[in-house]
Each structure stands twice: as structure tokens, then as C-alpha cells.
2 protein chains.
Amino acid sequence: MVFPKLKESLPLYKTLANALAQRIHNGDWAVGSNLPSEAALCSSFEASRHTLRHALQTLESDGLVLRRQGTPTAGDFSAEGEKIYPKF
Amino acid sequence: MVFPKLKESLPLYKTLANALAQRIHNGDWAVGSNLPSEAALCSSFEASRHTLRHALQTLESDGLVLRRQGTPTAGDFSAEGEKIYPKF
DNA sequence: GTGCATTTGTACGTATGTATA
DNA sequence: ATATACATACGTACAAATGCA
């Protein structure tokens with residue numbers, strides 16, 4: 001991990017999910033509202049793909065991102081409003 | 001897998017989820033409403049723990065089972081009614 | 001209450017398949 | 001067709017929570 005944990009007790013995938021959620025809300029990746037690829041995120045955050053996907057999955061179940069095989073993962077800005085970071 | 005797939009195209013974890021959901025609704029494991037351990041289910045269905053947990057996770061997100069670290073996974077019969085098998 | 005066994009959770013590794021552009 | 005990107009599925013090891021003797 002290349003960023004400090006909010007709480008030392010949180011598992012890595014939740015910390016990752018928090019960090020990603022924050023960046024999504026900040027609009028850091030709103031080029032075409034797409035996130036970097038899983039491989040790119042893995043290097044950025046120095047996490048395994050397994051853990052990264054675990055994080056993305058929680059974001060998806062929260063309606064924060066949209067994933068579809070073959071296409072980049074997109075931030076779901078239609079689900080904003082009450083979904084305020086942090087959530088974990 | 002020790003049972004026939006409903007559709008040959010379905011991924012293994014979904015087929016597993018279907019099979020587990022059916023057994024839950026049938027009450028096959030309603031001893032104390034607990035499911036066998038992951039290890040037991042892995043041997044029964046000849047699936048890896050990874051895949052089995054993937055299946056259980058989908059069931060959990062559907063409200064069909066309750067999982068808690070340290071305790072056996074329980075079928076959630078409070079969530080029955082409209083949740084009719086099959087769902088995948 | 002301590003310790004052990006059981007059970008689920010987390011995390012990483014690797015390979016291959018499938019959908020999309 | 002090739003390349004890119006996400007999905008599936010096998011494996012390993014250790015951590016953490018629970019329950020019981």
C-alpha cells in the first residue's frame with residue numbers, strides 16, 4: 001500500500017476500497033469517467049490483483065462502479081448523493 | 001463437480017450457487033439450519049475453496065445465507081418467499 | 001480463563017477463458 | 001485477428017473469530 005490506512009485494523013481490501021471511493025468522488029479519473037485498468041491500479045497501490053478485485057467488488061455492490069468484461073471499469077456517478085465517503 | 005450443470009455455459013461458481021440454493025430450499029441441511037463447513041462442501045462438490053466461496057458470496061448477497069467468521073454458515077430462512085430457485 | 005480445534009476471512013500466486021474494442 | 005481488460009478457477013499460507021473442553 002502506498003497510502004496510510006484510516007484505521008490500522010481495517011483489512012487491506014477495505015482500505016483499498018476507501019481509497020478508490022475517495023478518488024472516484026474526487027473525480028480523479030474522470031477522463032471518460034473510466035478507472036485505470038486493474039493492472040494499473042495494482043501497480044499504483046502495490047496490491048495484488050486478487051485484493052484489488054475484492055475492493056472493486058465491494059464498490060460495485062455499493063453501486064459506486066460499473067464493471068463489464070472486456071471494457072474498463074467505470075465510476076458510477078448516477079449513484080452519488082447519499083453515498084458519502086467514508087463508508088467502511 | 002459431482003452434479004450435472006443446468007446449462008453448459010454457466011460458470012462453475014454459479015452452477016455451485018444454484019446447487020447450494022436448491023439444497024437450502026429443500027432443507028437438506030436444516031439440522032440446525034447450518035450448512036456443512038467450506039471444507040466439507042469443497043469435497044462434496046469437488047470444487048476449490050476459492051470457487052466455493054465465490055458461490056457462497058453470491059448466495060450471501062442474495063440474502064440466502066448468513067456467514068460469520070468463526071461460526072458455520074447458516075441458511076437464512078427469513079429471506080425466503082419471493083426468492084425462488086433458480087436465480088441464475 | 002487458558003488453550004485447542006474448528007471455521008471463516010484475508011492475501012497473494014498463477015494460468016487460462018471470455019468479452020470488447 | 002490482435003490487443004486490451006475483466007472473469008473464472010485452480011493453488012498456498014496465515015490471520016481472526018468462535019466455541020468447547
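What you see is a predicted model, and the numbers here were worked out from it, not measured in a lab. Atom set for the values below is all heavy atoms of this structure, side chains included, hydrogens, waters and symmetry mates excluded. First the proteins, then the strands, lettered A, B, ... as listed; each starts at 1.
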May I have the distance from [X] (atom [atom1]) to [N] (atom [atom2]), rounded to whole angstrom?
X       : N      : atom1 : atom2 : value
A:Leu52 : C:dG13 : CG    : P     : 13 Å
B:Gln69 : D:dG19 : CD    : P     : 12 Å
B:Gln57 : C:dG9  : CD    : P     : 10 Å
A:Tyr13 : C:dG9  : OH    : P     : 9 Å
B:Glu46 : D:dC10 : CD    : P     : 11 Å
A:Arg67 : C:dT20 : CZ    : P     : 15 Å
B:His54 : C:dT10 : NE2   : P     : 15 Å
B:His50 : C:dA11 : NE2   : P     : 15 Å

Go through [options] for me and flag the one nearest to the [X] side chain.
X       : options                : answer
B:Ser37 : C:dT8, D:dT18, D:dC10  : C:dT8
B:Arg53 : C:dG17, C:dT10, C:dA11 : C:dT10
B:Ser48 : D:dT18, D:dA9, C:dC12  : D:dA9
B:Thr71 : D:dG19, C:dA21, D:dT8  : D:dG19
B:Glu38 : D:dC6, C:dG9, D:dG19   : C:dG9
A:Arg49 : C:dT20, D:dA7, C:dT10  : D:dA7

Which pair of heavy atoms, one from B:Tyr13 and one from B:Thr58, lies closest together, and at what distance?
CE1-CG2, 3.8 Å

Of all heavy-atom pairs between A:Leu35 and A:Ala74, which one has the smallest distance, and what is that distance?
CD1-C, 4.0 Å

Separation of A:Phe45 CZ from A:Thr15 OG1 (nearest 0.5 Å):
11.5 Å

Please check: side-chain N/O of B:Thr71 versus main-chain N/O of B:Arg67, any donor-acceptor pairing under 3.5 Å?
no

Start at the 5' end of DNA chain C and walk down; is the nucleotide closest to A:Thr51 or to A:Arg68 reached first?
A:Thr51

Using the six-membered ring wherever Trp is involved, compare the ring planes of A:His50 and B:His50 and label them parallel, tilted or perpendicular (cut-offs 30° and 60°).
perpendicular

